[in-house]
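Quantities reported herein were computed from a predicted structural model and do not represent experimental measurements. So you know, we letter chains A, B, ... as the sequences are listed, proteins then strands, and number each from 1.
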2 protein chains.
Amino acid sequence: MSLTGIFPIDKWNFKSQSIFQHLPEEEYEMLCQNRQEQAFEKGELIFKEGGIPAGIYFIKHGKIKKYKADKDGKEQIIYVANTGEIIGYHAILGEDRYPDSAAALEDCVLDFVPKEDFLAALAQSPILTQRLLKALSHEFAVLSNTISVFAQRSVKERLAIALIVLREKYKDDHTSGAPVIINISRTDLASIVGTAKENVVRFLKEFKEAAIINTQGRKIEILDIRKLIEISNYDC
Amino acid sequence: MSLTGIFPIDKWNFKSQSIFQHLPEEEYEMLCQNRQEQAFEKGELIFKEGGIPAGIYFIKHGKIKKYKADKDGKEQIIYVANTGEIIGYHAILGEDRYPDSAAALEDCVLDFVPKEDFLAALAQSPILTQRLLKALSHEFAVLSNTISVFAQRSVKERLAIALIVLREKYKDDHTSGAPVIINISRTDLASIVGTAKENVVRFLKEFKEAAIINTQGRKIEILDIRKLIEISNYDC
DNA sequence: TAAAAAAATTGATTTTTATCAACGCAACAG
DNA sequence: CTGTTGCGTTGATAAAAATCAATTTTTTTA
């Protein structure tokens, strides 16, 4: 089931996948020179808000939550990055500390590229620069979007949007023929939606009773995405 | 009264002022070649979400709200841009339509730079490119911040933050010696905070009774910024 | 300057969301 | 296989925020 024409999924996903694709040999070599494969277990912290960045990470496999925690430790997930995306470049380009934290939502394999190599490649490569400018500008649109949704939409609407967006991300894993299964804790889902997990549970129950989704333990399958889009009340 | 050490104002302001400052002569000339001064009256639309971008705007004087409107016309203000900042570059760099609308909060004077000149200067100027990357990365941090505040903080806390941030922006206009006056409609203030204007009015009244602010009609003067910071409950 | 229009304010009420407390189920370790 | 522990679920209640309706104040305009 494609979302084309019925839901603007582009407004919810970053485009960092394309940044390293089909780069000229030389630039690609520079990035690879000292790269290091790193595995992270589910739940493991990759970097922490306020930390000094040492390099960037290319996600070879797995999903990563980018979030901010307030002083009580309550997390707000800003974005879920998926296989093929890059994380950690904002702090380096902004010449600043990490603006958010990153942790593995599932077992992950990342390629770490040291700051120096990334910046050297950048200095050499107009194409890399241009792609980053484009990616960052698109991210601005995505985050603006998120802000307006948080400020104006109800928890139920936000949950519907979160489910639609997550389904796209979990498509990657599903074996063809089998249904797409969203596999995320209620707590993390609540942190995406920006509410208490009890509210998430209650609305999921409502959706299940309306045959819009099916749940089995933590696993969620979407049965009627059109209904979800309707509930999301989002059409721009 | 400086906020240094007591409130992270940097996390709330973009840094696009620095982009055009002290550029090499040649690049600066390219940008100026076809620039055109344009005046906008208070309330006037500068560009509209979804529109095709023709160029960028340098704010010579005035404040501009960047916002998204939902289908009922309800506005959410994403950011208030001030004198010296640049707007409209996201759409051009992202090779996309405008992600948000821009309208004058007061009478404004802008310099319009056509897309072609901006892109030509960019292609010639590593320094301009680097500054844009830095600015956009910082904006990411600002918007992430905004998202976590919207998702986790109460209306009262958000209003306190909005007042602190707005006071900084309105500092520019005030004659030295005179107090800083925030001059914005309740409706726009509500659109910044992400609530109904009635709520804004009620909390302002509460702040006034606690001698934290003073109001005269739409005008707001901040009397006790430390109290506001305390109320904002924001310390990261 | 007076009338009209727009914006701000107030109070009452409803709806939404958060919080608290308890319970059940399922994964996991000994 | 069995306690333990974490996570998901449920119900009850409190708190926060939105909405509605009406009135006052401010600003604009004729």
Spacing between [X] atom [atom1] and [N] atom [atom2], to the nearest angstrom:
| X | N | atom1 | atom2 | result |
| --- | --- | --- | --- | --- |
| Leu204(B) | dT25(D) | CG | P | 18 Å |
| Arg153(B) | dA18(C) | CZ | C1' | 16 Å |
| Glu198(B) | dT24(D) | CD | C1' | 15 Å |
| Leu189(A) | dT9(D) | CG | C1' | 14 Å |
| Ile220(A) | dT9(D) | CD1 | C1' | 14 Å |
| Ile213(A) | dT9(D) | CD1 | C1' | 14 Å |
| Leu159(A) | dT17(C) | CG | C1' | 14 Å |
| Gln216(A) | dC25(C) | CD | P | 15 Å |

Contact class for Arg202(B) (heavy atom, under 4.0 Å): base, sugar-phosphate, or nothing?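 Base contact - Arg202(B) has a heavy atom under 4.0 Å of at least one base atom.
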Heavy atoms under 4.0 Å, any strand shown: does Lys205(A) hit a base, just sugar-phosphate, or nothing?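 Since only primed, P, OP1 and OP2 atoms lie under 4.0 Å of Lys205(A), the category is sugar-phosphate.
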[N] OP1/OP2 closer than 4.0 Å to side-chain N/O of [X]:
| X | N | result |
| --- | --- | --- |
| Arg186(A) | dT9(D) | yes |
| Thr195(B) | dA18(D) | yes |
| Asn199(B) | dA18(D) | yes |

Looking at Glu75(B) and Lys65(B), is there a salt bridge between them, counting it only when a charged N and a carboxylate O are closer than 4.0 Å?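 Yes, this pair counts.
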N-O pairing of Asp100(A) and Lys68(A) below 4.0 Å: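 Result for this pair is no, no salt bridge flagged.
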For Lys74(B) and for Lys42(B), find the nucleotide of DNA chain D with the closest heavy atom, then tell me which residue's nucleotide is more 5'.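 Comparing both residues, the 5'-ward one is Lys74(B).
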Answer yes or no: is there a donor N or O on one side and an acceptor on the other, between the side chain of Tyr67(B) and the main chain of Ile192(B), under 3.5 Å?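 No; judged by distance alone, with no hydrogens or angles, the pair does not exist.
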Would you say the side-chain atoms of Glu106(A) pair up with the backbone N or O of Lys42(A), donor to acceptor, closer than 3.5 Å?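 Not at all, since once roles are kept as given, no pair shorter than 3.5 Å links the two residues.
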Checking Asn82(B) against Lys63(B): is there a side-chain donor and acceptor pair closer than 3.5 Å?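 Checked: Lys63(B)/Asn82(B) side chains pair up, N/O donor to acceptor below 3.5 Å.
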The side chain of [X] is closest to which nucleotide in this list: [options]?
| X | options | result |
| --- | --- | --- |
| Val155(B) | dA18(C), dG8(D), dA18(D) | dA18(D) |
| Val201(A) | dT19(D), dT10(D), dA17(D) | dT10(D) |
| Lys197(A) | dT17(C), dA8(C), dG8(D) | dG8(D) |

